[in-house]
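Working notes, beginning with the structure itself.
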Amino acid sequence: MSNMDSTSNNSFIPKRGTTNKRRSTSTRQVYVFTIISYSFLFATLIASAGSFFYKDHIQKNETAIMAELSKETADFDEVGMQQVQEFDRRLIQASGRLNTTVSTVTIFEALEAATINNVLIEALSIERIGDESLQVVAQIETDSFDATLFQRSIYNINQTIGTVEIKDVQALNLDADTIPQSDSSQQRLPTVSFTAEFDVLLSDIPYVAGFSAQSLPLPVMEITPQTEQFIEDVSTTQSAAFVEQANNNQNNI
Amino acid sequence: MSAQGLFTQLGMIVISIAIIITYIQPAFADIAVMQDDIVIYENELKEASEVSTKLSGFVLKLEGVTSDDRRRLLTYLPNTVDEIAVQRDLSLIAKEAGVLYISSPYTGTVDNIASEDLPSQSTFDLSVEGTYGQIKNLLRLMETNHYLLEIVNLDITRTEGGFLSADFSLVVYSYQSLSNSN
């Protein structure tokens with residue numbers, strides 16, 4: 001053991017003393033303001049770069065969408081639009097008139113149905129009041145006030161001819177209570193004349209297409225090619241059949 | 001902190017503020033404006049696309065209308081009223097109905113400026129004579145005409161021999177185009 005101690009003490013390696021030397025540390029101070037200022041500067045620079053690139057990106061987007069919009073505008077089918085508008089307008093105008101089309105024949109048929117036998121219509125006028133109603137004025141003669149009253153009641157219950165107003169009632173020759181034969185004398189008949197005014201709503205007498213006999217085309221020649229064709233031409237046979245059918249219907253009524 | 005370092009840091013802050021004021025803030029404002037514009041353009045583009053799509057559909061529908069239907073529509077509401085053709089038609093209708101055609105003078109055309117939905121009106125005065133049945137037949141024939149013969153006024157009076165005299169005021173309609181109304 002003593003031999004070993006002597007060997008180690010003879011080493012050429014310098015021995016370190018057992019005393020602990022205190023290591024000197026240099027402290028560097030970092031201030032909060034420094035951190036803030038650096039952070040602020042770098043944040044500003046980063047924001048500048050970011051806003052630059054983002055603005056560039058947005059500008060490109062805007063340019064692209066503007067170009068797309070310009071292309072869409074340029075590609076817009078103006079001719080087609082005009083054609084569609086014109087066609088739509090024509091349809092609106094046509095349907096507007098079609099919806100207010102009335103059947104005047106219906107008024108005649110209603111009057112036929114509502115007029116009693118001893119009443120004579122001397123004159124009749126029909127006036128269209130806008131697209132709302134028709135004003136029908138009939139000059140009527142009959143042989144007594146009773147017939148007048150009865151006629152008024154019949155008109156009042158008729159649903160087609162609407163409201164009726166009896167005006168200008170005049171009595172002539174009411175003392176003649178005998179009705180002469182048609183060609184036996186010149187004696188005047190007892191007469192009560194009056195004016196009947198009817199207000200007929202257009203909606204009460206709409207024209208309804210589809211009456212088979214009447215739906216035949218009218219016998220009208222073709223017009224010149226430079227203008228629109230009004231009515232188709234039709235053979236004379238069809239026209240004759242049409243008239244015959246119409247007359248039959250009239251007789252039935 | 002040394003005085004030099006402090007001034008440097010203050011300079012950095014000042015430079016930062018200057019950058020914010022002179023570049024970043026205007027850039028953000030520009031970006032906001034551009035974004036708003038983009039939204040507007042996108043909406044416009046969307047609407048334009050929708051209109052184009054709808055228009056394409058309408059054009060297809062329009063092209064799908066048969067020539068026969070177009071001709072019928074053009075017949076019902078022609079671009080112009082040929083007054084001579086109408087008078088000829090009226091005389092032929094009167095002949096077909098069996099009434100005695102007297103006259104049907106053309107009295108003029110009025111454009112409906114007040115409303116876009118109303119067509120132009122051409123007026124004719126038709127005078128005929130005949131029996132009650134014939135006049136009724138005439139009315140029936142006029143109702144079934146391929147273009148509208150609208151009766152605005154009708155006066156029927158008795159004449160000698162049991163016949164009736166009928167005076168019509170008729171309106172024939174023609175299409176009032178956009179260019180006409182404008």
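Convention: sequence-line order gives letters A, B, ...; per-chain numbering from 1.
- Across every non-hydrogen atom of B:Ile24 and A:Ala47, the tightest pair is CD1-CB, 3.7 Å.
- Heavy atoms only, all atoms of each residue included: A:Arg90 and B:Pro78 are closest at NH1-C, 4.0 Å.
- Counting all heavy atoms, side chain and backbone alike, A:Ala94 lies closest to B:Tyr76 at O-CE2, 3.7 Å.
- In this structure, the portions of A:Thr104 lying under 4.5 Å from any heavy atom of chain B include both its backbone and its side chain.
- Using a 4.5 Å cut-off between heavy atoms, B:Asn153 contacts chain A through both its backbone and its side chain.
- Proximity to chain B (any heavy atom under 4.5 Å) is restricted, for A:Ile121, to the backbone atoms N, CA, C and O.
- With a 4.5 Å cut-off on non-hydrogen atoms, A:Leu120 touches chain B through its side chain but not through its backbone.
- With a 4.5 Å cut-off on non-hydrogen atoms, A:Tyr38 touches chain B through its backbone and its side chain both.
- With a threshold of 4.5 angstrom between heavy atoms, B:Tyr173 approaches chain A through side-chain atoms but not through N, CA, C or O.
- Using a 4.5 Å cut-off between heavy atoms, A:Gln135 makes no contact with chain B at all.
- Using a 3.5 Å distance cut-off with no hydrogens or angles, the side chains of B:Tyr175 and A:Glu86 do pair a donor with an acceptor.
- Expressed to the nearest 0.5 Å, how far CG of A:Leu45 lies from CE of B:Met12 amounts to 9.0 Å.
- Only the side chain of B:Leu148 comes within contact range of chain A, with heavy atoms under 4.5 Å apart.
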